[in-house]
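Chain letters run A, B, ... following the sequence lines, proteins first, then strands; residues in each count from 1.
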Amino acid sequence: MKKSVAVLKKITLSVLFLFLVLSYPSVKVCANSLVLAPETLTELQGLFYGLEYSQIAVDGAMSYLVTSSGDTSKFAKYKQTGNDFSDFMESVNDLSGVNNISLSDFTVSTLDADSKSDFADMTLYNSNGDVISIDDCTYLTYDNGYFSGSCLIDDTGHLITDSVDSMCNAKFGGKTLNQNDVLQKCGDFADHVKNNKMLYAPDGASINVNPTYYVWKYELEGGRQAHCFSVFIQNQYQPGKIIPINNNGTIYQWYTNDLSLITNKVTYGSYSGVNVSTVNRTVGGYTYKYLFSFDGANNVSNATVIPYNPGGSATAGNYVYAKEGYEYSNSINGISYSSYHLAKAENIPDKLVDSYSIADTKAYCDSISAVATVANPTFDGTDAISAVNFPITKPFEVALDATTIPFPEVVVNALNPSISFPISTTLTPEVIEDFDEIPILSDLQSKFPFSIPWDIKNMLSLLRARPEPPQIEINFTFPIVNYTWNFVLDLTAFDSIATLFRLCFLISFVISLAMFSYDHFFGK
Amino acid sequence: MVTNDLSVKIMLLTLVLTLLPGSPFTNFQYLLSEVPYLNILNWFIPISEIITITESWLLIVAVYYSILFILNYVGILKS
């Protein structure tokens with residue numbers, strides 16, 4: 001019996017730890033933050049493929065092998081934040097002269113950019129492509145129900161970037177990068193954007209051929225550089241538009257408004273029968289599906305037909321169909337219009353796309369920095385509980401009129417707003433059916449002595465910080481000779497070694513923890 | 001479905017919680033957040049990852065002991 005109990009304990013603990021290893025996402029995050037330097041991986045890749053090379057060259061964010069004959073077999077190395085790279089890979093595959101790229105070639109790291117100071121050591125560009133100072137920029141937080149987070153506004157009033165995380169995830173993958181793009185000057189990129197992309201206003205009333213773009217260039221650890229190119233569509237451009245781009249004069253590629261590339265490309269000159277099917281995209285917590293069909297497509301029977309530029313100069317028969325009544329484009333046939341009308345379909349029948357649930361009249365309160373007040377709150381089913389302030393610990397919805405609150409002034413947020421509910425002095429014999437409304441557990445976290453575990457957790461969490469190499473300046477003054485010696489301790493050069501050291505340290509910690517666990521639970 | 005009896009108990013418990021003092025360690029947390037050279041310390045030691053793993057470990061251990069407690073309570077582990 002005793003033996004079976006011990007076995008049962010072992011099995012229980014093993015299952016729990018296995019569950020931890022397999023499911024806990026932080027493990028993946030930890031692993032991602034401890035990657036080796038890209039050029040090291042390039043070298044390993046060269047060895048793995050048996051490539052003969054004379055040296056490893058580092059050019060900005062790219063490191064590549066240089067053969068003895070001078071050829072460069074490039075292996076692009078980029079760092080992004082928390083992305084599965086599937087979109088990005090699609091773009092990278094378009095790189096000419098780049099061979100043998102696989103997902104494993106990409107490394108992931110976390111770049112903290114959620115405050116203005118985090119941009120201080122980066123080279124920033126405004127919408128004209130000029131290098132600007134961080135002092136010229138404005139930092140703000142916002143939440144307009146579609147985009148949320150923090151961002152940097154350049155001296156022309158354009159957005160430079162949200163956080164690295166959301167920008168790279170949401171937009172970076174959609175931009176077709178080619179070799180020239182990566183190496184291009186920012187100004188050239190600006191022209192590229194202006195010449196090849198067109199944006200559409202939601203009501204079709206006006207067209208903006210000067211999209212707000214941001215070119216963000218940052219230095220990675222070890223001096224490597226990377227570029228994030230993206231185009232930002234201001235919030236007056238509602239979700240769901242597609243942005244056509246003419247890459248090389250013969251191929252049209254199609255993007256959703258967050259610049260995610262639609263995989264089924266529309267070929268110019270033979271668009272009839274082309275069907276651009278569903279594209280899923282998650283942005284800002286919303287998942288969108290886009291379903292496009294064009295004239296002549298096989299499955300337009302269920303589509304809501306939007307006559308394309310009925311009063312303009314469109315060639316007869318050129319129609320664009322949008323099943324949602326939202327998606328359309330005017331360059332499917334290479335026709336440029338000076339005036340057009342895009343009717344938003346009314347009474348959209350049978351939404352074939354089951355999402356597209358952007359609520360224009362709602363802002364979702366999920367961040368901190370202001371407090372939303374709720375007029376005349378109601379709290380059904382809780383009349384029996386009175387004279388108590390209920391701290392709200394969950395995000396809640398506040399109905400807003402999106403048309404009256406311009407971006408980016410919509411800074412709605414509320415983490416823990418304290419809302420006093422009307423006091424009722426009668427205890428009615430009603431039944432409480434929803435325990436979620438009773439905030440006892442959340443109170444425990446802030447009430448001594450029950451708060452101790454959370455206090456310890458919070459204090460330990462304060463030790464977290466962005467790893468930065470020591471750069472300490474010490475002045476030694478020798479008064480006898482009236483000489484001051486400036487000693488600068490700068491360990492930046494050892495960044496890659498420090499990464500390796502941290503990795504070894506972490507492995508040692510995990511092994512120690514495993515040994516301790518075994519001794520503690522099963523030791524004699 | 002919870003009866004009114006229970007709702008009164010919950011209300012009393014909530015009121016008792018409101019009488020308890022707030023956490024006295026909040027100020028210490030503010031002080032600790034001002035500690036310099038944390039970035040450098042994190043450069044040498046992967047504190048963030050260690051805290052994450054430790055939190056996960058403690059969570060699992062807590063679940064483990066909870067399961068043992070329940071099994072003991074039920075009587076399965078009594079030998």
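For the atom pair CZ of Phe501(A) and CD1 of Ile45(B), the computed distance is 7.0 Å after rounding to the nearest 0.5 Å. Of the inter-residue distances, the one linking Ile456(A) atom CD1 with Glu55(B) atom CD reads 11.5 Å to the nearest 0.5 angstrom.
Heavy-atom distances place the side chain of Ile47(B), and not its backbone, under 4.5 Å from chain A. With a 4.5 Å cut-off on non-hydrogen atoms, Phe516(A) touches chain B through its side chain but not through its backbone. In this structure, the portions of Leu491(A) lying under 4.5 Å from any heavy atom of chain B include both its backbone and its side chain.
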For side-chain contact (heavy atoms from CB on, under 4.5 Å), just list the numbers for Ile40(B) and Ile472(A), CA-CA rounded to whole Å, side-chain angles, deciding distance to a tenth of an Å, and then say yes or no. CA-CA 10 Å; Ile40(B) 295 175; Ile472(A) 302 171; 4.3 Å; yes

ring-ring contact (aromatic ring centres under 6.0 Å, His included) between Tyr64(B) and Phe521(A): does it pass, once the steps are laid out? CA-CA 10 Å; Tyr64(B) 172 70; Phe521(A) 292 108; 5.2 Å; yes

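Looking only at side-chain heavy atoms (C-beta outward), Phe509(A) and Pro46(B) stay at 4.5 Å or farther from each other.
A donor-acceptor pair under 3.5 Å links the side-chain atoms of Arg502(A) to the main chain of Trp43(B), judged by distance alone.
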